[in-house]
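In what follows, a single structure is set out as structure tokens and then discussed.
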Amino acid sequence: MASKQVIFPDGHTLPAIGQGTWYMGERSSDIQAETRALQYGLDLGLSLIDTAEMYADGGAERVVGRAIHGRREEVFLVSKVYPQNAGGAKAQAACENSLRRLQTDYLDLYLLHWRGGIPLSDTIAAMETLRQAGKIKRWGVSNLDVADMEELWSLPGGDACMTDQVLYHLASRGIEYDLLPWCQERGMPVMAYCPLAQAGKLRNGLMDNQAVQRIAGELALTPAQVLLAWVIRRPGVIAIPKAGSRAHVKENARALEVVLSAAHLDELDRAFPAPQRKTHLDIV
Ligand code: NDP
């Protein structure tokens, strides 16, 4: 069975599940296991690794640097700049610092982590300077809702944005109302963060939900696999679960092959209805 893929506006194609890294690099005792988990994910074809200068104050980027050592070409490397660094010389320095921690000389994708006080036009200019210098191959944004995206698009060069990384899981479907169609109309994949709702921490009982459990039982899957298969059920969405163990990585990679039937999707819709009106973009 073919694995699901997403295609970026420049034609770059990736498996629809990647690997998150938030909370990696926090404890030195976990670094070896985290490094191995990411490497195992690469072995299984989960080539996108998502990190940020924010995570563990650069510690997550250091873990990623260890994990990708000697296999940089296999990886689609994503990092994010703090809003307060997303313009001018600060953006250039933040990117250089990320590259140093990641032990590489380029990022495949650099994202504005969330919108802050720096004008979007300054962020576009900084991203384009980095791109022309070969430090990043492409750029995008995170946590921007439709109004912010419209504003970005109205600015010169704003339509070079390659993705919007936003919170999306079965119990938080607000983007389906407007942001997801907006991105899809422009051929731009959405990167779904917290696709497992942080193992249910963001929504108590999500993993134990009756519909999720029933479908998992019927298809011999785990609840996490049902949640991931649901997030990537439509074209143009890439899920980036964070997994700190090989067992979780293996489960997550297998979710690429899972196809939920129309009946399964209806059952999940009844348990977690699609939005009928505009809601604020959910963030963590
Ligand atoms: P996730 O929804 O990915 O959940 C991570 C949790 O799920 C961890 O506790 C992990 O445990 C557990 N888990 C992973 N795989 C399984 C599995 N197969 N079965 C059961 N539990 C599992 O939450 P995150 O917040 O980590 O989001 C994913 C990524 O998105 C982040 O790591 C980060 O890269 C990005 N992100 C971006 C944000 C932004 O503002 N742009 C905000 C938040 C996240 P264990 O570690 O033990 O495997």
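Order of appearance sets the numbers: ligands from 1, and atoms from 1 within every ligand. Along the sequence shown, residues are numbered consecutively beginning with 1.
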- request: Check whether more than 12 heavy atoms from other residues, nucleotides or ligands sit under 6.0 Å from atom CZ of R173, and answer yes or no.
  value: yes

- prompt: Does ligand 1 have an atom that lies less than 4.0 angstrom from a heavy atom of Q225?
  reply: no

Atom indices of ligand 1, in the order listed, that fall short of 4.0 Å to a heavy atom of K80: 41 (N)

- request: Mind telling me whether W230 and Y168 have parallel, tilted or perpendicular rings, with 30° and 60° as the class edges?
  value: tilted

- prompt: So, is C194 polar-close to ligand 1, with some N/O to N/O distance under 3.5 Å?
  reply: yes

For I118, the rest of its hydrophobic cluster, which grows through side-chain links under 4.5 angstrom: none

statement: I240 heavy atoms within 4.0 Å reach ligand 1 at atoms 28 (C), 29 (C), 30 (O), 35 (C)

query: Judged by non-hydrogen atoms, does Q19 sit under 4.0 Å from ligand 1?
result: no

cation_pi(K137, Y106) dist<6.0 Å, angle<=45: yes

query: So, does Y55 sit close enough to ligand 1 that a heavy atom of it is under 4.0 Å from the ligand?
result: yes

Close N or O approach (A243, ligand 1; < 3.5 Å): no

query: Is any side-chain N of the basic residue among D43 and R36 closer than 4.0 Å to the acidic one's carboxylate O?
result: no

- prompt: When only distance counts, is T51 in polar contact with ligand 1, meaning an N/O pair under 3.5 Å?
  reply: no

task: Kindly write out the residues that satisfy side chain to side chain contact (heavy atoms under 4.5 Å, CB included) with N252, not counting sequence neighbours, or none if the list is empty.
output: L228, P241, A243

query: N252: heavy atom below 4.0 Å from ligand 1, yes or no?
result: yes

